[in-house]
Amino acid sequence: MKERIQQLKKEKNAVILAHYYAPDEAQEIADYVGDSFYLAKVAKGISADIIMFCGVRFMGESAKILNPDKKVLMPDTSADCPMAHMVKEGLIEKMREEYEDLAVVCYINSTAELKSKSDVCVTSSNAIKIVKSLPNKNIFFIPDKNLGRYVSEQVPEKNIILNDGCCPIHAKITVEQLMETKEKYPEAKVLSHPECDEKILSLSDYIGSTAEIISYVEKAENEEFIIVTEMGVLYRLREENPTKKFYFPNPNPCCADMKLNTLERISEVLEKEENPIEMEEEMREKALAPLEKMLELAR
Ligand code: 13P
Ligand code: SF4
């Protein structure tokens with residue numbers, strides 16, 4: 001299957017992008033693997049004819065918004081991020097009426113429609129920097145309340161209004177689960193993703209995006225780590241640090257949507273050029289502005 005995919009990639013001038021939560025096999029054959037910010041930057045500059053995006057829908061959509069002339073394919077159209085939809089209809093408009101100087105800051109884990117109504121996008125690796133750089137005092141942070149709260153703690157000079165959305169995978173990790181793992185491995189450093197609940201973050205030694213967690217492990221002298229995010233990051237962690245030990249809270253956090261990116265689907269979809277991301281040009285243009293602004297402010 002891997003050989004077949006390599007052959008198809010050449011024939012069709014295609015590249016494969018994969019998020020760190022994609023199955024190991026997808027990360028293994030991908031040309032680019034990274035966190036959401038890295039993948040958005042890569043997608044913008046790709047010159048191949050086809051981009052096969054092994055992630056969830058908002059990632060494929062972002063690639064299409066940034067690189068509209070390319071065919072962006074997804075191995076499985078049902079791979080979606082539930083959090084990407086978690087803003088109540090009409091709420092953005094209501095907030096804009098309430099606060100004159102409001103900036104709507106949209107986590108990249110959101111639908112194209114939500115992006116199109118926002119001022120700037122952020123990812124977990126650049127949210128603090130971007131929010132700090134905005135001239136606005138009042139910020140409506142959508143859709144993730146956990147990342148929003150974490151950013152508001154780091155940027156206390158802003159009035160950050162939170163939205164009631166979250167990642168069901170990260171939000172499900174409990175303090176009890178983390179404490180149980182900590183008791184078993186007391187020497188391990190706790191590294192958490194900011195999509196986790198605030199109680200988890202307060203018990204962590206380091207908070208960062210998937211790429212930042214991976215980079216922290218590489219630089220750290222410690223040998224053991226408790227990783228509090230989706231377990232797909234284990235593939236890269238083990239590849240780069242074969243002697244270090246990694247533990248996850250029990251049950252291991254797993255995003256079923258990300259796991260839909262199997263070799264079988266990649267091969268079949270690339271062969272038939274199925275599942276292209278499509279959207280209306282008006283929507284694409286509106287959603288492009290906040291994504292471009294993110295790329296500019298994060299530079
Ligand atoms: P990052 O890879 O940007 O840390 O995002 C995590 C995530 O949940 C993506 O869906
Ligand atoms: Fe969405 Fe959470 Fe899955 Fe990331 S891990 S894609 S935020 S559901």
Side-chain angles (χ1 to χ4, degrees), residues 17-23 26-27 30 32-43 53-63 66 74-87 105-112 114-115 121-130 141-151 163-173 191-197 200-201 204 206-217 227-237 248-249 251-261 291 294-295 298:
L17 272 58
H19 187 265
Y20 287 128
Y21 297 161
Q27 294 190 47
Y32 301 94
V33 186
D35 70 355
S36 314
F37 182 47
Y38 171 79
L39 293 172
K41 279 189 295 183
V42 165
F53 212 120
C54 303
V56 285
R57 188 167 176 89
F58 77 81
M59 295 179 171
E61 274 182 359
S62 299
L66 289 162
M74 304 242 359
D76 193 313
T77 47
S78 58
D80 198 7
C81 170
M83 178 166 67
H85 306 265
M86 289 184 190
V87 180
V105 174
C106 184
Y107 189 23
I108 199 166
N109 297 38
S110 55
T111 59
L114 288 176
K115 287 186 179 79
C121 286
V122 295
T123 75
S124 53
S125 67
N126 60 34
I128 294 169
K129 182 178 178 180
I130 290 180
F141 195 99
I142 57 168
D144 188 9
K145 65 178 175 191
N146 288 323
L147 177 62
R149 186 183 298 105
Y150 174 63
V151 173
N163 169 72
D164 192 18
C166 65
C167 161
I169 316 301
H170 287 85
K172 222 165 42 194
I173 306 168
L191 318 182
S192 302
H193 196 282
E195 285 178 15
C196 295
D197 184 84
I200 299 279
L201 298 186
S204 304
Y206 178 73
I207 298 161
S209 76
T210 53
E212 288 171 330
I213 289 175
I214 291 166
S215 152
Y216 181 97
V217 169
I227 307 293
V228 196
T229 190
E230 210 274 350
M231 61 180 304
V233 294
L234 185 58
Y235 176 73
R236 178 56 68 96
L237 287 170
F248 285 79
N252 293 166
C254 177
C255 176
D257 287 276
M258 284 284 188
K259 303 308 175 209
L260 293 169
N261 296 291
L291 274 172
M294 171 185 81
L295 295 172

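Order of appearance sets the numbers: ligands from 1, and atoms from 1 within every ligand.
- At a 4.0 Å heavy-atom cut-off, ligand 1 touches Asn109 through the side chain alone.
- Ligand 1 places these atoms under 4.0 Å from at least one heavy atom of Ser209: 4 (O).
- Heavy atoms of Thr210 found under 4.0 angstrom from ligand 1 belong to the backbone as well as the side chain.
- Per-residue contacts place Asn109 under 4.0 angstrom from the following atoms of ligand 2 (heavy atoms of the residue considered): 7 (S).
- Annotation: atom 8 (S) of ligand 2 to nearest protein heavy atom, Pro82 CD, 3.6 Å.
- Using a 4.5 Å heavy-atom cutoff, the side chains of Ile227 and Leu234 are not in contact.
- In the vicinity of Asp35, heavy-atom distances shorter than 4.0 Å reach the ligand 1 atoms 1 (P), 2 (O), 3 (O).
- Within ligand 1, the atoms closer than 4.0 Å to a non-hydrogen atom of Met59 are 9 (C), 10 (O), numbered from 1 in the order shown.
- No side-chain donor from either of Tyr38 and Ser125 sits under 3.5 Å from a side-chain acceptor of the other.
- If you number the atoms of ligand 1 from 1 as listed, the ones under 4.0 Å from a heavy atom of Ser36 come out as 1 (P), 2 (O), 3 (O), 5 (O), 9 (C).
- Not a single heavy atom of Met83 sits closer than 4.0 Å to an atom of ligand 1.
- Every atom of ligand 1 with a heavy atom of Ser124 under 4.0 Å away is listed here by number and element: 1 (P), 3 (O), 4 (O).
- The closest approach between a heavy atom of Asp257 and any atom of ligand 2 is not below 4.0 Å.
- Donor-acceptor pairing under 3.5 Å is recorded for the side chains of Ser192 and Ser204.
- Scanning all protein heavy atoms for the shortest distance to atom 7 (C) of ligand 1 gives Tyr21 CE1, 3.4 Å.
- Under a 3.5 Å cut-off, the side chain of Lys172 and the backbone N or O of Cys167 do not form any donor-acceptor pair.
- Put simply, the side chain of Asp35 does not reach to within 4.5 Å of the side chain of Ser124, judged on heavy atoms.
- Nearest to atom 2 (Fe) of ligand 2 among the protein's heavy atoms is Cys167 SG, 2.3 Å.
- The protein heavy-atom contact nearest to atom 3 (Fe) of ligand 2 is Cys255 SG, 2.5 Å.
- For atom 4 (Fe) of ligand 2, the nearest non-hydrogen atom of the protein is Tyr21 CE1, 3.8 Å.
- For ligand 2, the atoms lying closer than 4.0 Å to a non-hydrogen atom of Glu195 are 2 (Fe), 7 (S).
- For the pair Phe58 and Met83, the minimum side-chain heavy-atom distance is 4.5 Å or more.
- Distances shorter than 4.0 angstrom do not occur between any heavy atom of Glu230 and any atom of ligand 2.
- Annotation: side chain of Pro249 is in contact with side chain of Val228 (closest heavy-atom distance under 4.5 Å).
- Atom 3 (Fe) of ligand 2 has no N, O or S atom of Cys81 under 2.8 Å away, backbone or side chain.
- Neither the backbone nor the side chain of Tyr20 comes within 4.0 Å of ligand 1, counting heavy atoms alone.
- A 4.5 Å side-chain heavy-atom check between Asp197 and His170 finds every atom pair outside the cut-off.
- For the 3.5 Å distance criterion, the side chains of His85 and Asp80 qualify, holding a donor opposite an acceptor.
- Numbered from 1 in the order shown, with element, the atoms of ligand 1 that lie under 4.0 Å from a heavy atom of His193 read 1 (P), 4 (O), 5 (O), 6 (C).
- At most 12 non-hydrogen atoms from other residues, nucleotides or ligands lie less than 6.0 angstrom from CG of Asp164.
- Contact between Ser125 and ligand 1 is absent, with no heavy atom of the residue lying under 4.0 Å from the ligand.
- Checking each of Leu201, Ile200, Asn109 against Glu195 for a side-chain contact (heavy atoms from CB on, under 4.5 Å) leaves exactly one that passes, namely Asn109.
- To the nearest 0.5 angstrom, Cys196 atom SG is 11.0 Å from Leu147 atom CG.
- Heavy atoms of Glu230 found under 4.0 angstrom from ligand 1: none, in either backbone or side chain.
- Contact annotation: the side chain of Thr210 approaches that of His19 to within less than 4.5 Å [non-hydrogen atoms, C-beta and beyond].
- By the 30° and 60° cut-offs, the orientation of the rings of Tyr206 relative to Tyr216 is parallel.
- Interface of Glu195 with ligand 1, defined as ligand atoms under 4.0 Å from a residue heavy atom, comprises 6 (C), 7 (C), 8 (O).
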